[in-house]
2 protein chains.
Amino acid sequence: MYAAMEKNKFDMKNKKVTAIDVAKLAGVSQPTVSRVFSSEGQSVSAEKRKRVEEAAKLLGYQPNVFAQSLITNKTRIIGIVMTNLHNPFYPEVLSLFYEKLSKKGYHVLFISSASDSIEEQEIHQFIKYHVEAVIVTDALLTSSAAELFERQNTPVIYFNRYSRNSRNHAVICDNYNAAFQIGNYLVESGHRNICYISGPENTSTTEDRRKGFLDSLRKNKLKPTVIVNGNYDAEESYRVAKQVLLEHPTIDSLFCGNDISAFGAMKAVTDLGKRIPEDISVVGFDDIRMARWPLYNLTTWKQPMEEMVEETINIMLDHIGNKLDSPTTKLIPGELIVRNSVKNRSSVD
Amino acid sequence: MYAAMEKNKFDMKNKKVTAIDVAKLAGVSQPTVSRVFSSEGQSVSAEKRKRVEEAAKLLGYQPNVFAQSLITNKTRIIGIVMTNLHNPFYPEVLSLFYEKLSKKGYHVLFISSASDSIEEQEIHQFIKYHVEAVIVTDALLTSSAAELFERQNTPVIYFNRYSRNSRNHAVICDNYNAAFQIGNYLVESGHRNICYISGPENTSTTEDRRKGFLDSLRKNKLKPTVIVNGNYDAEESYRVAKQVLLEHPTIDSLFCGNDISAFGAMKAVTDLGKRIPEDISVVGFDDIRMARWPLYNLTTWKQPMEEMVEETINIMLDHIGNKLDSPTTKLIPGELIVRNSVKNRSSVD
DNA sequence: GCTAATCATGAAATCGATTACACGTTTAAT
DNA sequence: ATTAAACGTGTAATCGATTTCATGATTAGC
């Protein structure tokens, strides 16, 4: 009680502890304190090092990052832009990024953009804070924003998007191949009337998935089946699926552009009195945690998040370190996760 | 094409533009440049102000935040700690925080903690970056961490948690009253065998909900019904619900500690061949977006996120500004959202 | 039209670190 | 033992802003 008050009295001064305070207490010069805290094994005698460390701990000293950044020009801050927090895929990704970046001593400055392409103004925040790299998930920069970063030589890495004419790095799941495999899988398990509930048309991801899917049908000599556009969202997908199922009663399977739209579609199916997978098979895309909820048990394509995040960080570090700045695009394969939403209708086996 | 190369040549220098550069180009002194950019209407003649602004735009000048923060001791950075990104409630909250904070010119430094109480080490990141406030959602600080912030006079605001002996601010939904209302609602709509699927026992939130629920039963002269502990998670809740429904076949309703555990429970119900709400009613808590998905259509208690976030930010600003540091706790009521997962079994109406 | 008050502006100090440099000690080399 | 290299440590410069202070110019007051 008394001790607490005492402490408070000191705290009223609200004076932050600086390297000078530590130096005084340890009986060394201020640069020596700095040397103890500069990560590398700087030359300072074991004895003084110990004295400094003790003094620092006693005072609760933490080097001031702003002073550090000012002189070193390094901020250890990474900017992450995320547009679509409503799709659980992205929080999962964010969490992974945080975990892996912080392990490497980086910090996450977070920007969430409501719109699909990021406002100039938001971008300025990143520039002001001298982020060492920018990771953009599920959105594209405006070209003027991209130019800004290029001018500052700040690497931009797209996660799960790319634009053909962009000079930025990108890490993506091999969407074309994934959709191709899913198409094959459905055909091989005896489906003949596949409906693809796609996402909005203007993204690379959606484009590639659509192409892969169509190519697999073509290979299997099936004529193109119904394709409708949702917006990667459960409610919209529910609406769309319901409608398409009514219009095309022969449909035996739904391939949905992502997991949450699959969830919406599943409800549409059961609302129409059909069963999954007995009457209609459903396949998703992403393999978010919810996909394995007993409620869904969704067969889906796993985007290997962990690997993708890892790769993104590697590219980032490579760029920051070696200044290798020829734009790299990394394709990660992923895999089909078979659960319980697809029935084998093939008579053969 | 050519222009682009030209530009690049300049950029190779990678020299950052400082106030001095602007000053030279505008033919003024460096402090004058600073005065133009310091938010307040500083005294600088209209003519020079214009010259400076033009020069700044031409060079693409942005004041260096690190230099600014160093001298002003203001960082405009808010630290947010979030443990439970798997529950969609929290990404929704994060998104709101970001939106509202950025509107006020603050930035979000993000920390996600796997464990329920936050590691000392993570906390140091906040201290290093001199965050002006810390918002903690769904977790508590260790007492030594709390002490650290107190010593730095950094306000900590708990969102959706509080601890009785903590000297920090808190904004919470009135969990006691909410659970009380839900209990009443279920009883009044004719339910007599209510099972409460709670969360882990050690949190204030869970405690208050349990108390409120029990008190409402008591008031209605019902003897305490089955209470089981899940962990606010769909899969666990599925398991638990299945078991409890088998053991107690008379149960007519489930009150779940949050929405996602309600989703799990719903599946348990239908897996056992019972219907919602005809055979068993289900109520959730939170009103996350998914609750209104057609798939669920869950009757639930709305935690008024927007209001809660707003309140949290207000307390934060008050603390930062007026130095009013007597710990404030703000209770926000919330409301029952009636959808389609509860049946009126009362014979009266 | 003279003094006082106001305003605009530059010079210099400052924030809290890092780091080049120089100097004094210690250790190694021959 | 003598010289050179290596090491430890303090002094001073530096990063890029803000801010105090002083000075000179401008306006107002009478």
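In what follows, chains carry the letters A, B, and so on, assigned in the order in which the sequence lines appear, proteins first and then strands, with residues in each chain numbered from 1.
Listed by residue number, the members of residues 51-74 of chain A with any heavy atom below 4.0 angstrom from DNA chain C are A:Tyr61, A:Gln62, A:Pro63, A:Asn64, A:Ala67, A:Gln68, A:Leu70, A:Ile71, A:Thr72. The stretch residues 24-32 of chain A touches DNA chain C through A:Gln30, A:Pro31, each having a heavy atom within less than 4.0 Å of the strand.
Applying the salt bridge (Lys or Arg N to Asp or Glu O under 4.0 Å) test to residues at least two apart or on different chains, the pairs with a partner in residues 98-108 of chain A are A:Glu99-A:Lys103, A:Lys100-A:Glu306, A:Lys100-A:Glu310.
Checked against side chain to side chain donor-acceptor pair (under 3.5 Å), A:Thr72 has no partners two or more places apart in sequence or in another chain. Legend: residues meeting ring-ring contact (aromatic ring centres under 6.0 Å, His included) with A:Tyr158, ordered by chain and number and at least two apart, are absent.
Checking each of A:Leu101, A:Asp318, A:Ile78 against A:Ile313 for a side-chain contact (heavy atoms from CB on, under 4.5 Å) leaves exactly one that passes, namely A:Leu101.
Contact check, B:Lys48 against C:dA8: no side-chain N or O comes under 4.0 Å of OP1 or OP2. Note on A:Lys128: every side-chain N or O is 4.0 Å or more away from OP1 and OP2 of D:dG16. The phosphate of C:dT9 (OP1 or OP2) has a side-chain N or O of B:Ser45 nearer than 4.0 angstrom.
Of the possible donor and acceptor atoms, none in the side chain of A:Ser112 sits under 3.5 Å from a partner among the backbone N and O of B:Ser95. Judged by distance alone, with hydrogens and angles left aside, the side-chain atoms of A:Thr83 form a donor-acceptor pair with the main-chain N or O of A:Asp138 at under 3.5 Å. Side chain of A:Glu132 to backbone of A:Arg76: a donor-acceptor contact under 3.5 angstrom is found.
Between the base of C:dG10 and the side chain of B:Arg35 there is a donor-acceptor pair shorter than 3.5 Å.
Nucleotide C:dC7 holds its P atom 14 Å from the CZ atom of B:Arg49, rounded to whole Å. Put simply, OH on B:Tyr129 is 15 Å from C1' on C:dG16, counting in whole angstrom units. Protein atom CD of A:Glu47 is 15 Å distant from nucleotide atom C1' of D:dC7, rounded to whole Å. To the nearest angstrom, P of C:dT19 lies 15 Å from CZ of A:Phe37.
A distance of 7.0 Å separates CG in B:Leu94 from CG in B:Leu85, rounded to the nearest 0.5 Å.
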Please list, one pair per line, the donor and acceptor atoms closer than 3.5 Å that link side chains of residues 25-32 of chain B to other protein atoms, with sequence neighbours excluded.
unit_1, atom_1, unit_2, atom_2, d
B:Ser29, OG, B:Thr32, OG1, 3.2

